[in-house]
Amino acid sequence: MRTERSVPARPALITALALATAGSLLLTPGAAGADPKPVTREGSAVDDRAAQAPASATRRALTEDVPTGTTTRAYPRRLVLSPDPENPGDTSLKLGLTPYHAIAPKLNALQRLGDRVSVEVTGRSAGGHRLYLVTVTAPETTRQARAQERMRELIRDAPAAAAKSREIKRDYKAPVFVNSNIHGNEWEGTDASLKTIERLATAKDAKTRDLLAHSRLYFNITANPDGRIAGTRANANGFDLNRDFVTASQPETRAMRQIELGTQPAVLLDLHGYVNGTLIEPTTPPRGENYEYDLFLKNTYANALGMESAVNALGYTPAKDGVEAAQIPFRDQEEGWDDWPPIFTPQYAAFHGTVAAHTVEIPLAVNNEEYDELPVPELRRRSAINTAVAGAAIGATLAHVREHRGTLITDQIEVFRRGATGAAQVPVSERTVPGVPGIGPEDVYTTRFPRAYVIPPGDARSRRSAPAAARLVDHLIANDVRVTRATRPFRLAGRTYPGGSYVVDMHQPKRGMANVLLADGRDISGKVSVMYDISGWSLGRLWGATVERVPSGSLRGAPLRAIGEAAPVAHVPAHGNLRLALTDPREVAALNSLLRQGVPVRRADDGSVVVPASARSAARTAARDHDVSFSATRQTGTAPLHRLRVAAAVTPGELFALREMDFDVTPVSTAVLNAGFDWSGTDVLFVSAGLERADLTAPARQALDTFLDGHGLVGRGATGAALNADAGRLAVKPVEGNADANGVVKVTNTGGITRDAPDHGFVYAPLWFTDPGPGVHVEQSYATGNPLVSGHWRPLPGGSGGPAAAAGQASVVSGGRTVLFGTEPLFRDHPKGEFPQVARALFTVAHSASVKESG
């Protein structure tokens, strides 16, 4: 418990099952005097809506390139934007806010106001809309812009020298990043940013001139134009972009990542809605253990106080306007709104040197049911208040930057210095972070960084893990983690590693970024009763590559050279039939590309596939396009494979992952089947969300049952298990664990579908299977003991549903052309090493008379 507070603590809302949406916690008509409530997970713990994203959005997300930088140029940088077609269906219009099609003309007009405003296009959304970055600063010559770039690089790459630099102290412009509208139906941050830019473009006062002379202000005008237009939280692929920073599967996320890498902001605001009163980070425990939280808390709390004061000074009251006083969760709440995972914009930014980073939740709900049910005048009244609140938060932050620029830059330098030198983290306390009230032991989270990580390149004969290793290395580099490669075998900490191994030296400026991606994480179940979102995410365990943690040792003299990308994996032997292991999603995509061309591919007994020597040319193309390796084999294979046509009632992340593996997927749902679905073009059904047999019409139910009688079913989670039971297929008893649990778990693989799969999986609302009937084969089980490696998984109040109950129980079962998953192998396109389990399941049930043979 906290030892000191400036206001009474509010109790946290604790629930074991689905938690209320953020909107339901907010002001509703007639509830103006309601007490502010603690914030909990937004939406249900389990995503039970079937994805309907168009295939074009997936293709765009998988192929869209984000600009990685241009030649340093002077400011301002003029860019005349072509107009977008007017869209009367843009949901912003109902709220009296700026529709997407009006943004380009507005930005053109802002650039014409003077010499302070510059506009760039940082990429396109999954739906094809332009992403705009506006820079506001005092004019710079090309020479001055190059000097700013040089100082920025010095801060990151040579922090000890930067700390002593008089030039940086005198001339470096503090970078500030304002991110708006990452959730599409939280609109007002965009309008507040546009108003702020307009004011800054023409203001003549001394404070504005001083701010722009010593700062660069970057505004991501709408991070999610797809959602802004449609009035949805997610983008066109159905992804919550504020959950995507670990994986960066979406083009909008990659654009935001590139902004952070290219600008290195010291301060960040991420403008959201809706919590009444306005919620301003820093958050409740647990704290992200991999960044320098003492520096983060010091600066974030100080700026939060200024924003709180500015928001309250607007004069809105509960009685008059329905607006509660602002709240700071660190000070005002016990738990429920943590900053543990690096999936959120401010938490991700902390690993790139941001020392004051905030999610700001503006107060009055105008989305979801409020959007549909409230009168337009009331919606516009609320939106105007929200825009003013967001503007006050921006204004207070800019004032803080102007007054505390030196401290912010000094602390950013210190973040990078600690990483580069391998210095110890500084635990937070009233001594180390003076001025922040109520710091207690519940706020102390630190980690022990290893000396290095080694990622072997893959087995020399089968090259099985080579695609996974290459993907992981490229992802680390994309996140600005420095990676080296061994030019020959070497020894480290008493162990010999092969030449070609990748080495991540943890004495580097962004060691926190490296560690948060590669480390196991930890089990925090005993720390708090509820978490806001995921609690475990380790790429080292979930992406299929071998990652060796080296606690200590010296890299001096090791034959290492810095690299900018992983070595190519593509390889096709010159002679003989070709074997392709299906242990990586890239290999599955390569297989599907061959099947699309009509190449005669056959299954092999070891779970791989065999491509005949006559198709060597097609194999070379597939190897190059997907960066995979074929090996020579004398096998000819067994049963032939054909390209699958998959009907999928699945979550957005699962639909995206299936398409990433190049499956031919048709999204379905209860509504689609009731409308009359033609099953003749389908080979297999995959169900995890949005399809309930009991809700089908009699004709739709009969058509589904007829299809299942002759085809395969792959089910995941409670929805898939329920369909299996309702259709009378696999004789097992599904047991639902705590629906609020998630994390990385240890598993034991025993079947053909999980052959060569990683010995770790991911769960979210975990499920397991008991009482197997005749013909049921256990493909995978949760490990005995405590299977949870990292995350948050507690038993339910009665003692059931926890990891002890799941230990040793089946997590994946098969039989009778059916496979059921209790894990989350495709969660948010994240656990890449688990994807092939689903691919093998689809091929197995679609091609086999019985999946029992796969074991």
Side-chain angles (χ1 to χ4, degrees), residues 55 580-583 585 587-611 637-650 654-655 657-668 673 677-688 691 703-716 720-721 723-724 727-730 751-755 757 775-777 779-780 812-821 825-826 834-855:
L580 179 64
L582 298 185
T583 56
E587 292 166 339
V588 177
L591 166 62
N592 278 326
S593 71
L594 293 172
L595 293 174
R596 187 192 302 111
Q597 300 170 60
V599 173
V601 182
R602 289 179 172 268
R603 288 187 293 176
D605 292 333
D606 62 0
S608 64
V609 295
V610 177
V611 178
T638 56
L641 297 178
H642 63 80
R643 183 163 174 81
L644 296 186
R645 298 162 299 178
V646 182
V650 295
E654 291 171 323
L655 179 61
L658 290 172
R659 288 172 169 164
E660 184 176 330
M661 292 186 286
D662 199 22
F663 281 104
D664 183 359
V665 187
T666 301
V668 298
L673 298 193
F677 182 69
D678 181 6
W679 288 99
S680 63
T682 302
D683 298 304
V684 59
L685 174 64
F686 181 19
V687 173
S688 69
L691 202 168
L704 171 63
D705 291 345
T706 299
F707 173 81
L708 292 177
D709 285 342
H711 297 80
L713 169 66
V714 175
R716 199 272 304 158
L723 178 59
N724 170 77
R729 296 184 64 80
L730 203 56
I753 287 170
T754 59
R755 187 194 300 268
V776 174
H777 180 74
E779 297 278 345
Q780 182 189 85
V812 182
V813 293
S814 64
R817 300 187 76 175
T818 299
V819 177
L820 300 178
F821 288 88
L826 305 181
E834 314 299 313
F835 287 13
Q837 297 175 40
V838 173
R840 288 189 178 190
L842 293 170
F843 279 114
T844 299
V845 300
H847 288 86
S848 301
S850 171
V851 294
K852 184 176 181 181
E853 298 171 2
S854 72

Interatomic distance, [X] atom [atom1] to [Y] atom [atom2] [nearest 0.5 angstrom]:
X: L708; Y: T818; atom1: CG; atom2: OG1; result: 7.5 Å
X: N724; Y: L820; atom1: CG; atom2: CG; result: 4.5 Å
X: D664; Y: L595; atom1: CG; atom2: CG; result: 11.5 Å

Where do [X] and [Y] come nearest, in terms of heavy atoms and distance?
X: F707; Y: G712; answer: CE2-O, 4.1 Å
X: A589; Y: E660; answer: CB-O, 3.8 Å
X: P585; Y: P836; answer: N-CG, 3.9 Å

[X] side chain to [Y] main-chain N or O, any donor-acceptor pair under 3.5 Å?
X: E779; Y: G752; result: yes
X: R840; Y: T754; result: no
X: R755; Y: S608; result: no

Can you sort out the partners of [X] under side chain to side chain contact (heavy atoms under 4.5 Å, CB included), two or more places apart, ordered by chain and number?
X: D705; result: R693, R701
X: A647; result: V668, F677, W679, T682, L685
X: A639; result: R603

For a 4.5 angstrom cut-off between non-hydrogen side-chain atoms, does [X] reach [Y]?
X: R716; Y: P825; answer: yes
X: V838; Y: L658; answer: yes
X: Q780; Y: Q837; answer: yes
X: L655; Y: P667; answer: yes
X: V714; Y: V646; answer: no
X: I753; Y: V819; answer: yes
X: T638; Y: D605; answer: yes
X: L704; Y: L723; answer: yes

For T706, check side-chain hydrogen bond (donor to acceptor under 3.5 Å, both in side chains) against everything at least two apart and list the hits. Q702
Can you name the side-chain hydrogen bond (donor to acceptor under 3.5 Å, both in side chains) partners of D709, sequence neighbours left out?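 Testing D709 for side-chain hydrogen bond (donor to acceptor under 3.5 Å, both in side chains), a comparison that skips the adjacent residues, returns none.
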Not counting sequence neighbours, which residues clear ring-ring contact (aromatic ring centres under 6.0 Å, His included) with F843? List them please. F663, H847
With sequence neighbours left out, which residue pairs that include part of residues 640-650 fulfil the salt bridge (charged side-chain N to carboxylate O under 4.0 Å, His left out) condition?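 Applying salt bridge (charged side-chain N to carboxylate O under 4.0 Å, His left out) to every pair that reaches into residues 640-650, excluding sequence neighbours, yields R643-D662, R645-D683.
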Should F686 and L826 be marked as a side chain to side chain contact (heavy atoms under 4.5 Å, CB included) after you check the CA-CA gap, both sets of side-chain angles, and the distance that decides it? CA-CA 12 Å; F686 181 19; L826 305 181; 3.9 Å; yes
